[in-house]
Number of protein chains: 2
Amino acid sequence: MKSMNLFLRNRTVAKLSDVERARLEQAVTDRRRLPARATLLERGEALSHSTMLIAGFMIRYIDDLEGRRQIVAFHVPGDFVDLHGYPLKVLDHSIATLTQAQIATVPHAALKRLTDNDVEFARKLWASTLLDASTHREWLFRLGRLDAAGRVAHFLAETNARLGAIGLSDGTGYDLPITQTDLSEITGLTSIHVNRVLRMMREERVCTFRSSRVEIADLERLERIAQFDPTYLYLEADVAGTQSLDKEIRHG
Amino acid sequence: MKSMNLFLRNRTVAKLSDVERARLEQAVTDRRRLPARATLLERGEALSHSTMLIAGFMIRYIDDLEGRRQIVAFHVPGDFVDLHGYPLKVLDHSIATLTQAQIATVPHAALKRLTDNDVEFARKLWASTLLDASTHREWLFRLGRLDAAGRVAHFLAETNARLGAIGLSDGTGYDLPITQTDLSEITGLTSIHVNRVLRMMREERVCTFRSSRVEIADLERLERIAQFDPTYLYLEADVAGTQSLDKEIRHG
DNA sequence: CGACACGTTGAGATATATCAAACGTGGTGG
DNA sequence: CCACCACGTTTGATATATCTCAACGTGTCG
């Protein structure tokens with residue numbers, strides 16, 4: 001599989017041309033497989049290349065004093081996991097795999113070469129890092145304004161939409177081989193409480209999360225519980241099985 | 001006052017040269033004053049220019065279904081409030097003033113002109129938007145892992161450090177003309193609980209927040225309660241009155 | 001088969017929210 | 001200059017969501 005096939009797939013901003021995609025592809029110097037739950041980068045390390053996720057799931061996280069981690073980003077195939085490390089040079093967080101993963105590496109020198117000659121391309125890469133920032137903001141909304149059920153539902157709805165955009169969800173379910181503890185580190189809850197929320201969702205026939213798979217029984221209700229409005233993902237309108245709320249509701 | 005004087009002041013990344021600063025200054029087409037609590041931009045609006053905050057405080061926020069807002073970013077003088085609107089074109093959140101504010105406007109056409117001819121400068125602007133993303137991530141940590149006292153303390157410690165970098169805090173106190181309700185919308189708490197936390201901080205002689213002013217009695221304790229580690233701000237080492245934790249503690 | 005990681009459940013503790021009311025205080029109009 | 005109003009702050013009593021601790025269940029893999 002080409003590494004860059006999924007990058008910015010079905011996004012409304014920063015759409016890459018075939019030429020740009022090919023150039024990025026050529027800049028890949030290394031492809032490899034990472035085991036599950038492996039740390040790729042520690043907070044504070046200097047970077048000389050960036051990582052494209054081709055298959056599997058990765059996270060970015062920050063630890064507190066007791067070593068409990070807060071996951072601040074969740075990555076799906078096609079995500080340029082640490083492209084922001086190119087302009088920033090040092091990262092303020094760590095990066096790890098959640099599942100076994102396949103990655104491709106692009107040296108910063110190559111990115112420099114590509115962007116020095118092509119302002120438009122540089123602007124697209126810039127925009128792609130801002131999509132991550134947009135997702136950060138929605139996560140802030142999630143943690144600051146939603147209760148436990150809303151947070152879990154929001155993550156499941158968001159992941160459904162993102163996976164839909166890359167062909168890994170048809171809107172009725174998707175594979176998600178992560179633990180309830182991972183989910184708790186994403187949602188700022190305890191794994192025990194996540195478990196109770198999941199039971200409630202199962203009993204209420206909203207969705208199930210069992211043996212590494214999410215089955216969505218009632219997408220509309222899931223997204224309502226989550227107050228999910230996919231605007232922030234900048235996805236093409238027809239992508240994914242997302243019902244989405246009538247925009248007026250949220251904007252009203 | 002020159003609009004761009006404070007932009008990226010005392011940051012370790014994306015430091016601007018005098019020439020770059022002057023060019024940005026020349027790109028300013030408009031300066032004006034905004035009243036307190038005025039909305040500058042609504043989520044979803046298309047943008048043709050970006051806003052530099054010169055004086056006062058502004059926020060970016062997302063509303064939930066009941067119209068309660070979650071503040072996702074807090075801006076101090078010298079911040080390019082919506083530079084990310086240049087590559088993104090449409091924003092996923094709203095922007096408003098908290099206090100009376102003074103702003104300068106830079107048209108996107110001018111930004112295009114400046115960056116088309118200067119790749120290095122473009123990369124710096126890119127990096128500056130990534131500093132915001134870094135702050136978003138720390139806020140996720142704050143909401144996901146800290147209790148009420150920690151969250152309030154974290155915001156006060158962060159603001160102390162950021163204001164220190166632009167000469168508006170000497171580490172013992174600073175002006176912060178916002179309400180406890182604003183604070184609650186930043187920290188994801190109720191204003192009543194924020195009030196109780198503030199009382200505790202006052203009684204414990206950590207800091208006071210009264211009549212629009214923060215007085216820090218014990219910065220080290222404030223930062224410990226907040227688990228505050230300013231790495232994510234990418235500030236010059238000697239700036240601000242921040243004590244900061246020994247890095248080893250947090251990284252361990 | 002046993003070990004280990006992950007999931008599930010219950011009982012009780014605790015942090016934070018909610019509801020209600022009183023208290024400043026600065027600004028405005030009479 | 002006073003009276004009043006609006007807004008923000010403060011406090012108390014009570015409700016509730018989530019956490020903590022502890023135990024038990026279940027599937028997978030060596």
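It should be emphasised that the depicted structure is a prediction, and the values quoted were computed from it without experimental measurement. Proteins come first, then strands; the chains are lettered A, B, ... in the order of their sequence lines, and each starts at number 1.
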Next item on the list: Among dG8(D), dT9(C), dC6(C), find the nucleotide with the atom closest to the side chain of Thr179(A).
Entry: dC6(C)
Next item on the list: Could you tell me the separation between the CG atom of Leu98(A) and the P atom of dC6(C), rounded to a whole number of Å?
Entry: 11 Å
Next item on the list: Round to a whole Å and report the spacing from NE2 of His193(B) to C1' of dT10(D).
Entry: 14 Å
Next item on the list: In whole angstrom, give the distance that lies between atom CZ of Arg213(A) and atom P of dC6(C).
Entry: 21 Å
Margin query: Of the listed nucleotides (dT9(D), dA13(D), dC19(C)), which one gets closest to any side-chain atom of Asn195(B)?
Written below: dT9(D)
Note to self: Check for me whether the distance between the ring centres of Tyr232(B) and Phe141(B) falls short of 6.0 Å.
What the structure shows: no
Next item on the list: Calculate the interatomic distance between Leu146(B) atom CG and dC19(D) atom C1'; express it in whole Å.
Entry: 16 Å
Notebook entry, point to check: With distance as the sole criterion, is a donor-acceptor pair present between the side chains of Thr135(B) and Asp132(B) under 3.5 Å?
Noted result: no
Next item on the list: May I have the distance from Leu198(A) (atom CG) to dT9(C) (atom C1'), rounded to whole angstrom?
Entry: 14 Å
Margin query: Measure CE/Met200(A) against P/dA17(D) and give the value in whole Å, please.
Written below: 11 Å
Note to self: Looking at Arg210(A) and dG7(C), is any side-chain donor or acceptor paired with a base atom of the opposite kind under 3.5 Å?
What the structure shows: no
Notebook entry, point to check: Looking only at side-chain N and O atoms, does Thr190(B) come under 4.0 Å of OP1 or OP2 in dT16(C)?
Noted result: no
Note to self: Whether the His193(B) and Arg151(B) side chains hold a donor-acceptor pair (N or O, under 3.5 Å, no angle test) is what I'd like checked.
What the structure shows: no
Next item on the list: Identify, between Ile192(A) and Asp147(A), the residue whose nearest nucleotide on DNA chain D lies closer to the 5' end.
Entry: Asp147(A)
Check: So what does Arg199(B) hit on the nucleic acid, given a heavy-atom distance under 4.0 Å: a base, only sugar-phosphate, or nothing?
Finding: sugar-phosphate
Notebook entry, point to check: So what does Leu189(B) touch, heavy atoms closer than 4.0 Å: a base, only the sugar-phosphate, or nothing?
Noted result: sugar-phosphate
Next item on the list: For the pair Gln102(B) (side chain) and Ile54(B) (backbone), establish whether a donor and an acceptor sit closer than 3.5 Å, ignoring hydrogens and angles.
Entry: no
Margin query: Checking contacts here: which listed nucleotide (dC6(C), dT16(C), dC19(D)) is nearest the side-chain heavy atoms of Ala148(B)?
Written below: dT16(C)
Next item on the list: Whole angstrom is fine here: how far is it from CZ in Arg145(A) over to P in dA17(D)?
Entry: 17 Å
Next item on the list: Answer yes or no: does a side-chain N or O of Gln180(B) lie under 4.0 Å from OP1 or OP2 of dT10(D)?
Entry: yes
Check: To the nearest 0.5 Å, what is the distance between CG (Leu98(B)) and CG (Leu34(B))?
Finding: 12.5 Å
Checklist line | Separation of atom CD1 in Ile178(A) from atom C1' in dA5(C), rounded to whole Å | finding: 16 Å
